Novice: 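Encoded as structure tokens, here's the structure I'll be asking about.
Per chain, numbering begins at 1; letters A, B, ... match sequence-line order. Everything numeric in this text was worked out from a predicted model, so none of it was measured.
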2 protein chains.
Amino acid sequence: MLEIAGDKAAPLSEQAILCLRSDILSGTLAPGLQLKLDRLKDHYGFSSSPLREALNRLAADGLVVIEDRRGFFVAPISIDDIREITRLRQLLEPEALSDSISNGDDAWEAQIISAHYRLERQEQRLKNNGASEKPFILDAEWADLHREFHRSLLAACNSPKLLHMRETLFYQAERYWHLWAMNHPAPPSRGSNHDRLRDAVLERDIVRSSDLLKNHISQTTEIVVKYLEQE
Amino acid sequence: MLEIAGDKAAPLSEQAILCLRSDILSGTLAPGLQLKLDRLKDHYGFSSSPLREALNRLAADGLVVIEDRRGFFVAPISIDDIREITRLRQLLEPEALSDSISNGDDAWEAQIISAHYRLERQEQRLKNNGASEKPFILDAEWADLHREFHRSLLAACNSPKLLHMRETLFYQAERYWHLWAMNHPAPPSRGSNHDRLRDAVLERDIVRSSDLLKNHISQTTEIVVKYLEQE
DNA sequence: GTAGAAAGAATGATCGATTTTTATGGTCGG
DNA sequence: CCGACCATAAAAATCGATCATTCTTTCTAC
């Protein structure tokens with residue numbers, strides 16, 4: 001049976017999730033904002049049913065909070081919150097990474113190399129583009145590739161639940177990075193982190209790569225927290 | 001539609017969650033079963049909108065899986081799955097417990113003592129009731145009290161996200177306990193586990209209580225896994 | 001002038017019907 | 001007898017309208 005392109009349109013509720021998540025992560029929908037269905041309907045063109053479905057699922061990811069009979073709100077942000085996210089990422093990601101390194105095969109390695117290469121290329125492109133004053137994270141393409149690189153590192157972990165939890169935390173953290181980046185023209189300039197991480201993982205050095213990963217997570221969070229504190 | 005009770009009625013979608021979760025945990029809705037909306041509508045009396053909302057939220061808890069355009073299914077069970085649940089519980093629960101022990105105040109201690117007392121009383125009642133051949137977990141009241149006791153131990157942990165993750169895992173594990181219990185007339189007879197756990201926690205002994213908790217988790221899982229393997 | 005009640009508007013929650021998509025069963029040509 | 005193909009039935013997805021609750025504003029009484 002041949003696969004025809006037209007058939008596989010995702011359900012509207014899925015599309016709504018993508019739109020909403022994207023706008024929440026980018027801050028277009030500000031933290032704390034009430035998400036009124038009428039507004040969303042007008043803005044996105046989805047009807048209320050798929051929107052409610054999307055909002056319910058995003059609530060599970062911690063990007064939306066539900067207050068019974070009062071509606072949906074973009075999850076608020078706080079220093080405590082990003083600290084919590086960081087702590088859990090530091091607990092879960094090394095666990096997943098250790099698994100992944102133990103189980104990964106050639107295809108897994110290849111995927112990592114590929115993802116890293118694409119990420120690096122995009123960084124080069126951005127640097128040359130005169131947009132060099134803009135932090136990478138603000139570029140949607142970079143954000144996708146960055147997410148994909150980190151995912152590839154853990155892809156051989158055989159615990160779907162662990163990966164899922166880790167993914168929701170990653171999304172939650174991304175929102176803070178955006179927030180920081182929007183107020184900071186200077187790029188983070190910690191480019192070689194990903195290189196070292198990739199190398200340590202490919203060398204199957206669990207201890208070193210876990211440390212690098214934990215440091216990577218800490219560093220990013222510290223930058224964000226410093227910014228939030230001075231607000 | 002007459003709603004007699006005052007204004008504090010939960011939304012139908014919330015009620016639907018409770019009904020569905022209860023029936024999934026108890027096995028009334030068997031693992032793997034497709035949850036057709038028409039059937040659910042007839043059986044529970046909710047309309048499709050609240051049902052879909054409930055199913056979406058239960059999917060976030062891992063009790064339901066969604067297949068796009070094909071519907072909702074009760075999450076399947078497997079040995080790998082319970083092992084995964086167990087592994088994550090062993091990772092998260094000690095982390096939360098350590099927090100809780102560090103932060104807990106008198107009210108927290110009192111809550112633990114109270115929850116433990118109520119659990120023990122219910123166990124006594126069940127033992128005397130001639131239903132002594134039935135594992136405790138099959139008694140809905142016991143299951144609630146048991147859940148509450150474990151929750152109380154961790155209640156002083158200051159990471160809501162951690163507690164939430166831990167809670168979803170606990171629910172997922174409960175389903176396996178039920179499954180085992182339905183095929184085993186003999187009670188588990190590991191009664192003093194909870195006593196020791198309570199004492200260690202109240203003594204603020206993080207190491208010992210973490211060990212006890214991890215053992216408690218392992219023991220239960222091993223029983224379940226042994227049962228599943230012989231199937 | 002202010003508190004409290006009540007009307008009105010806004011919005012979430014729910015429903016029943018309609019539209020799309022998937023599953024099923026039967027027929028035909030090989 | 002097997003597999004591709006169509007027709008039909010089943011079910012999910014979606015929609016637009018209605019119902020119920022919460023929020024806002026207005027009005028009245030003190």
Novice: Both A/Ser47 and A/Asp68 contact DNA chain D. Taking the nearest nucleotide for each, which residue is further toward the 5' end?
Specialist: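 The residue whose closest nucleotide sits nearer the 5' end is A/Ser47.
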
Novice: Please enumerate all residues that pass side chain to side chain contact (heavy atoms under 4.5 Å, CB included) together with A/Ser47, with sequence neighbours excluded.
Specialist: A/Pro50

Novice: Round to the nearest Å and state the distance from B/Ile66 atom CD1 to C/dT21 atom P.
Specialist: 19 Å

Novice: List for me each residue that meets salt bridge (charged side-chain N to carboxylate O under 4.0 Å, His left out) alongside A/Asp144, sequence neighbours excluded, and say none if there are none.
Specialist: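 Applying salt bridge (charged side-chain N to carboxylate O under 4.0 Å, His left out) to A/Asp144 gives A/Arg147.
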
Novice: Using atom OH of B/Tyr44 as one end and atom P of C/dT14 as the other, report the distance to the nearest whole Å.
Specialist: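 Atom OH in B/Tyr44 sits about 17 Å away from atom P in C/dT14.
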
Novice: Please report the distance, rounded to the nearest Å, between CD in B/Glu14 and P in D/dA20.
Specialist: 19 Å

Novice: C/dA13 phosphate, OP1 or OP2: any side-chain N/O from A/Ser48 under 4.0 angstrom?
Specialist: no

Novice: How close do A/Leu92 and A/Arg166 get, counting heavy atoms only, and between which atoms?
Specialist: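 Looking at all heavy atoms of both residues, the shortest contact is CD1-N, 4.4 Å.
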
Novice: Quick one, which residues of residues 51-58 of chain B touch DNA chain D with a heavy atom under 4.0 Å?
Specialist: B/Arg52

Novice: Can you identify which nucleotide, out of C/dG16, D/dT14, D/dT22, has its nearest atom closest to the A/Arg69 side chain?
Specialist: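 The answer is D/dT22.
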
Novice: Show every donor-acceptor pair shorter than 3.5 Å between a side-chain atom in residues 35-43 of chain B and any protein atom, with sequence neighbours excluded, or say none if there are none.
Specialist:
none

Novice: Provide, to the nearest angstrom, the distance between the NZ atom belonging to A/Lys41 and the P atom belonging to D/dA17.
Specialist: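 That distance rounds to 9 Å.
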
Novice: With sequence neighbours left out, write down each residue that passes salt bridge (charged side-chain N to carboxylate O under 4.0 Å, His left out) with B/Arg87, or none if nothing qualifies.
Specialist: A/Glu95, A/Asp99

Novice: Under the side chain to side chain contact (heavy atoms under 4.5 Å, CB included) rule, collect the residues that match up with B/Asp105, sequence neighbours excluded.
Specialist: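 Only B/Ala107, B/Trp108 meet the side chain to side chain contact (heavy atoms under 4.5 Å, CB included) criterion with B/Asp105.
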
Novice: Could you tell me the separation between the CG atom of B/Leu12 and the P atom of C/dG12, rounded to a whole number of Å?
Specialist: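 Atom-to-atom, B/Leu12 to C/dG12, this comes out as 17 Å.
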
Novice: In whole Å, what is the span from the CD atom of A/Gln15 to the C1' atom of D/dA13?
Specialist: 12 Å

Novice: What's the spacing between B/His184 NE2 and B/Ile137 CD1 if we round to 0.5 Å?
Specialist: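 Output value for this atom pair is 14.0 Å.
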
Novice: Sort me out a list of protein N/O and nucleotides 9-11 of chain C N/O pairs below 3.5 Å, or just none if empty.
Specialist:
| residue | atom | partner | partner atom | Å |
| --- | --- | --- | --- | --- |
| C/dT11 | OP1 | A/Lys36 | NZ | 2.8 |

Novice: Report the distance from atom CD of A/Glu67 to atom P of D/dT21, rounded to the nearest whole Å.
Specialist: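 So the CD-P distance, A/Glu67 to D/dT21, works out to 18 Å.
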
Novice: With sequence neighbours excluded, what pairs up with A/Thr86 under the side chain to side chain contact (heavy atoms under 4.5 Å, CB included) test?
Specialist: A/Ile82, A/Gln90, A/Ile217, A/Thr221

Novice: By salt bridge (charged side-chain N to carboxylate O under 4.0 Å, His left out), which residues pair with A/Glu67, not counting sequence neighbours?
Specialist: A/Arg70

